[in-house]
Amino acid sequence: MKPERANMWMAGAMGMMAAGAGAAVMMAPKKRGQKKSTPQKQKTLSQGEQRFYYSKANYEAFARPKKPEGIDERSAWLIGGGLASLAAACFLIRDAGMAGERIHILEASDLTGGACDGIMDPTRGYIMRGGREMEDHFECLWDLFRSIPSLDTPGASVLDEFYWLNKEDPNYSLCRATKNRGQAACADRRFGLSEKGSRQIMKLFFTRDEDLFDKTIEDVFDKEVFDSAFWLYWRTMFAFENWHSALEMKLYLRRFIHHIGGLPDFSALKFTRYNQYESLILPMKRYLEDAGVEFRFGVTVTNVRFEIQNGKKTARSIDCIINGGRAELPMTEKDLVFITNGSCTEGTVYGDQDHAPKEMNQTKSGVCWNLWKNIAAQDPSFGRPEKFCSEPSKTCWESATITTSDERILSYVKKICKRDPHSGKVVTGGIVSCMDSGWLLSWTINRQGQFKEQKKEEVCIWLYGLFPDALGDFVRKPMRECTGKEITSEWLYHLGVPAEEIPWLADHGANCVPAMMPYITAFFMPRRDGDRPDVIPDGSVNTAFLGQFAQTPRDTVFTTEYSVRTAMEAVYGLCSVDRGVPEVWGSVYDIRALLEASVKLMDGKSPLAQKLPMPFEMLKKLLLKKIEPTELGVLLREYGLM
């Protein structure tokens, strides 16, 4: 018997024993005189003063908080018009009772939505830089959208529509990956992890955060993980690179442990009916406009100046450029300033059917990053933006939107996804990854039409390449140097279209708009505590940070939930809203989720089935015999461990 096999079983046994010990502690009676905990008023982690608290269950989810004292004398200034900023404005109105006329959103562009986009550019075509995957336990997101009226269904909320849609048309992938030009790959839906690879994942799962500061995934995994189907599923779904943060990898494992079994088929995911701009952003914008919120477009904020005295940090002015001229907006302690620091889509360069995206400027990080740098220079608690925006070569990838109505192309799509793209229902059910693609190309077709004004015969395909500097397999060029036609050609090649038909179909049968994004995974760069500012930094009087580069405990970046959660925490904290922020779903503390994930990760094999050296094997059998007639035995059988 190999020593590592025994070690693996012992590690699993120790995990179960620890879970059992934790349950025993929870059920143990309180000692006389011991102070009872108050879950609804627990101390917020890493947020300085007690500003807000986390709630469990649904008691507070259905409650309406009282209007905070003094809210009628306050105003709010929100820098940026992305999802986090819009969510904060919605919470200010709904939960803090602030009048819409006292809320001002400053946005440099002429559109809201930030990274949640989807437009028809008359000069290029349909454009979606990315898509948003959602799940049941986006607690803050659903709390928000239950209150946002639908634009299409009178009397319904955005959440109502989303719920009905995903009940009637549940998401499920029939082909997660291909190889050899359109042939189904990984059809057995197995992860293919060796025992050593499984141990590496388990070790990362239990490693303390501080032991992963500034470490990369390459520091904790080797080819035992990197050569597995698990890593193909993981990296293409979440856009992780080997050099990204081991800490973020661990946080993702823990946050979504309840979805490990759904990685091969995306059955845990839910999607909107249309692109994220029309399905999520426009209803929020209408809600805010109806409430009287002021949108100021074309306003580029360059700095927020703080007065810092005796540990108190007060925003005193907002420096900005309006119509080419510099302006200063003075702030008082009654003016609340919400800052979206950093941007994953800043610096996006577009191409078109006949042109590649122009070469990125590798030295200029743009207005969003410069704003954060100017703020961070004033106090260490405002974070370290350079950790995220200094190496675009490690944070970039390229996406593209292909639009086609050519049935010759769609016939190959149908062969792979086994569904009709024109049905209006789920098509691919998530990305299809071309596992032998030099660009590591992944593509998806969501419910059509993806745009309300899209022609019935048109189908919009979104794709991305995780390795834009690698050579293509049909187009022998890096993706970043390719025109829209050339990107379509590479995609058609991996669909299995005969080589001689590809050039004509790419030129006449489809339109493609590429988008190179230099900072799209900037939030995955290796980091340590303090690199991202807390949502409400210690000593902050009237300022909070929002979005993917603000720090909140336990949740994970690159999700719509993270943007909305930071917005909720910021508003509740600065306005003293007496209602709990929903706690991050605790599947990582649920023994059922842990047991199920351990079996799924090992492709259905139970860790308890591993043979041990004779003395340990006899002890194991004795323990299992004792456990079998108990409730623990029932639990182990239910989740496949016995």
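No hydrogens, no waters, no symmetry mates; every other heavy atom, side chains included, goes into these values.
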Less than 4.0 Å between a side-chain N and a carboxylate O, is that true for [Y] and [X]?
X: Glu139; Y: Lys56; answer: no
X: Arg255; Y: Glu135; answer: yes
X: Arg124; Y: Asp354; answer: no
X: Arg176; Y: Asp265; answer: no
X: Asp436; Y: Lys179; answer: no
X: Glu248; Y: Lys250; answer: no

Taking the side chain as everything from C-beta on, heavy atoms only, tell me whether [X] gets closer than 4.5 Å to [Y].
X: Glu407; Y: Glu457; answer: no
X: Met284; Y: Leu144; answer: yes
X: Asn446; Y: Trp462; answer: no
X: Ile416; Y: Leu495; answer: yes
X: Cys460; Y: Gln448; answer: yes
X: Thr153; Y: Asp160; answer: no
X: Leu336; Y: Cys575; answer: yes
X: Phe388; Y: Thr395; answer: no

Does either side chain, that of [X] or that of [Y], offer a donor lying less than 3.5 Å from an acceptor on the other one?
X: Thr483; Y: Gln353; value: no
X: Thr404; Y: Asp406; value: no
X: Arg132; Y: Thr560; value: no
X: Asp121; Y: Thr123; value: yes

Could you tell me whether [X] and [Y] have their ring centroids closer than 6.0 angstrom?
X: Tyr464; Y: Trp397; answer: yes
X: Trp443; Y: Trp491; answer: yes
X: Phe266; Y: Tyr172; answer: no

Taking it one step at a time, do Ile148 and Cys90 satisfy side-chain contact (heavy atoms from CB on, under 4.5 Å)? CA-CA 9 Å; Ile148 306 300; Cys90 292; 3.8 Å; yes

Under 3.5 Å donor-acceptor, [X] side chain and [Y] backbone:
X: Trp77; Y: Ile105; answer: no
X: Arg419; Y: Val427; answer: yes
X: Arg64; Y: Asp95; answer: no
X: Glu278; Y: Tyr274; answer: no
X: Glu398; Y: Met516; answer: no
X: Glu561; Y: Cys140; answer: yes
X: Ser563; Y: Leu83; answer: no
X: Glu458; Y: Ser405; answer: no
X: Glu60; Y: Arg579; answer: no
X: Arg447; Y: Phe271; answer: yes

Could you walk me through whether Phe52 and Val577 satisfy the side-chain contact (heavy atoms from CB on, under 4.5 Å) test, starting with their C-alpha distance in whole Å, then the side-chain angles of each, then the deciding distance to 0.1 Å, before giving a yes or no? CA-CA 7 Å; Phe52 59 88; Val577 174; over 6 Å; no

Any pair with a residue in residues 113-158 that passes ring pair (Phe, Tyr, Trp, His ring centres under 6.0 Å), sequence neighbours left out, goes on the list, sorted by first then second residue, please. Tyr126-Phe451, His137-His258, His137-Trp585, Trp142-Phe162

Can you say whether the rings of [X] and [Y] are parallel (under 30°), tilted (30 to 60°) or perpendicular (over 60°)?
X: Tyr572; Y: Phe91; value: perpendicular
X: His259; Y: Phe256; value: parallel
X: Phe558; Y: Phe523; value: tilted

Under the side chain to side chain donor-acceptor pair (under 3.5 Å) test, residues paired with Thr559 that sit two or more places apart: none

Not counting sequence neighbours, which residues clear side chain to side chain donor-acceptor pair (under 3.5 Å) with Asn180? List them please. none

Does Lys600 qualify as a cation-pi partner of Phe191, given the criterion of NZ or CZ under 6.0 Å from the six-membered ring centre and within 45 degrees of its axis? no

Cation-pi check, Arg181 to Tyr493: give yes when NZ or CZ is under 6.0 Å from the six-membered ring centre and within 45° of the ring axis, no otherwise. yes

For the student: nearest non-hydrogen atoms of [X] and [Y], plus distance:
X: Phe549; Y: Ser343; value: CE1-N, 3.8 Å
X: Gly430; Y: Thr444; value: O-OG1, 3.1 Å
X: Pro392; Y: Cys389; value: CD-O, 4.3 Å
X: Gly130; Y: Asp117; value: N-OD1, 4.4 Å
X: Pro582; Y: Arg565; value: O-NH1, 2.7 Å
X: Val426; Y: Pro170; value: CG2-O, 3.8 Å

For the pair Ser437 and Phe467, evaluate side-chain contact (heavy atoms from CB on, under 4.5 Å) and give the outcome as yes or no after the intermediate values. CA-CA 9 Å; Ser437 160; Phe467 305 142; over 6 Å; no

State the [atom1]-[atom2] distance between [X] and [Y], to the nearest 0.5 angstrom.
X: Arg273; Y: Leu280; atom1: CZ; atom2: CG; answer: 13.5 Å
X: Cys434; Y: Leu440; atom1: SG; atom2: CG; answer: 8.5 Å
X: Leu269; Y: Asn171; atom1: CG; atom2: CG; answer: 6.0 Å
X: Ile461; Y: Thr403; atom1: CD1; atom2: OG1; answer: 7.0 Å
X: Lys415; Y: Gln183; atom1: NZ; atom2: CD; answer: 5.5 Å
X: Thr340; Y: Ile79; atom1: OG1; atom2: CD1; answer: 8.0 Å

Could you check whether atom CZ of Arg592 has more than 12 heavy atoms from other residues, nucleotides or ligands sitting under 6.0 Å from it? no

Assess whether atom OH of Tyr412 is packed by more than 12 heavy atoms of other residues, nucleotides or ligands within 6.0 Å. yes

Criterion side-chain contact (heavy atoms from CB on, under 4.5 Å) against Leu106, the qualifying member of Thr300, Val301, Leu78: Val301

Can you check side-chain contact (heavy atoms from CB on, under 4.5 Å) on Tyr163 and Leu165, steps first, answer last? CA-CA 5 Å; Tyr163 175 77; Leu165 173 70; over 6 Å; no

